[in-house]
Amino acid sequence: MMTIRRRPMAWVSCVLLFALMGTVHAQTAVVDALDDAPFLGGFLKETRVLYPLRIGGWEAKNEHLYEQQELGASVRYAAGDHKDRWIDLYFYPAGVLPPSRLAQDIDSTLQGIRSSLDQPGGYSEIDIAPLETLGITVGSGKNKRKIEAASTSMRLVREGKTYSSAMVMLVLDLYYVKARFSAEASVLSPRESRKQLEKFLIAVVQDAVIRSSGGCWMPPPIVQKDALLRDAPGQLATAEHGKVLAAVAYAELFGYLERFPQSASAS
């Protein structure tokens with residue numbers, strides 16, 4: 001469904017449903033399980049993304065919602081009648097992440113590009129520049145905040161043709177926002193491609209609105225355990241009943257509280 005605003009915008013509605021995760025028996029098991037079920041059942045149920053249809057000379061042409069709902073949606077932008085350049089914009093759920101996770105996921109994405117070297121339909125040459133950080137300011141007044149992004153440029157060769165490419169990636173309101181720019185090398189250099197893409201994504205993020213419903217703003221569930229470890233790594237707070245450890249909150253578990261099975265209430 002598309003809606004026209006003062007600046008032309010479009011709505012993407014992605015319903016994201018996740019199965020409930022089973023009982024967790026150890027602190028490390030919870031951390032490992034986050035990779036397989038990052039939203040812990042109902043963390044995100046529905047997300048609406050409002051993005052600009054036009055940015056400078058770029059216009060959104062194709063929108064795609066992936067069958068695997070955790071992959072989100074993508075939009076391809078074209079620059080008028082120029083068929084030698086395009087931008088792909090992706091929105092897909094990230095959840096609550098530690099600061100180091102963005103760099104890890106960017107590196108994983110780049111490894112995926114590198115893995116296509118000399119593969120059927122892949123690239124015959126790949127040259128990726130080091131990552132650079134980019135600060136983007138969004139909102140105003142009390143809602144003003146700075147979002148850190150990372151960008152890189154690439155020189156890619158496929159079927160004898162050389163392309164300049166760039167990628168910028170960040171996390172905004174529980175979602176990854178990623179953009180890929182590709183152009184024939186005769187049109188733009190890799191560095192010029194990165195500069196254009198950074199400018200494009202800054203405009204996207206400053207205009208985009210991402211709103212999610214589900215349990216993402218609700219108090220975290222309680223994981224019951226028969227025994228708790230004192231001074232375990234990552235403990236944020238503890239509570240005792242007499243001299244017995246009764247509850248532990250772990251910062252890296254996004255506030256999950258562990259208690260004796262005799263009580264399922266948190267105080």
Does a side-chain N-to-carboxylate-O contact under 4.0 Å join [X] and [Y]?
X	Y	answer
Arg76	Asp88	yes
Glu184	Arg85	no
Glu125	Arg158	no

Can a donor-acceptor pair be found, under 3.5 Å and without considering hydrogens, that links the side chain of [X] to the backbone of [Y]?
X	Y	result
Ser115	Gly112	yes
Glu192	Ser189	yes
Ser165	Phe181	yes
Thr109	Asp105	yes

| query | Is a side-chain donor-acceptor pair under 3.5 Å present for Ser151 with Glu132? | reply | no
| task | Taking atom types as modelled, find out whether Ser74 and Tyr66 have a side-chain donor-acceptor pair closer than 3.5 angstrom. | result | yes
| said: Classify the ring geometry of Tyr77 against Tyr51: parallel below 30°, tilted from 30° to 60°, perpendicular beyond 60°. | reply: perpendicular
| said: Is it the case that the ring center of Tyr175 lies less than 6.0 angstrom away from the ring center of Phe91? | reply: no
| task | For the pair Leu174 and Thr47, evaluate side-chain contact (heavy atoms from CB on, under 4.5 Å) and give the outcome as yes or no after the intermediate values. | result | CA-CA 10 Å; Leu174 305 179; Thr47 297; over 6 Å; no
Cut-off 3.5 Å, no hydrogens considered: what does the side-chain donor-acceptor table look like for residues 137-145, sequence neighbours left out?
{"from": "Arg145", "atom 1": "NH1", "to": "Asp173", "atom 2": "OD1", "distance (Å)": "3.3"}
{"from": "Arg145", "atom 1": "NH2", "to": "Asp173", "atom 2": "OD1", "distance (Å)": "2.9"}
{"from": "Arg145", "atom 1": "NH2", "to": "Asp173", "atom 2": "OD2", "distance (Å)": "3.3"}

| request: Working to the nearest 0.5 Å, report the span between CD1 of Ile136 and CG of Leu172. | output: 9.0 Å
| request: Flag yes if more than 12 heavy atoms outside Glu159 fall under 6.0 Å of its CD atom; otherwise flag no. | output: no
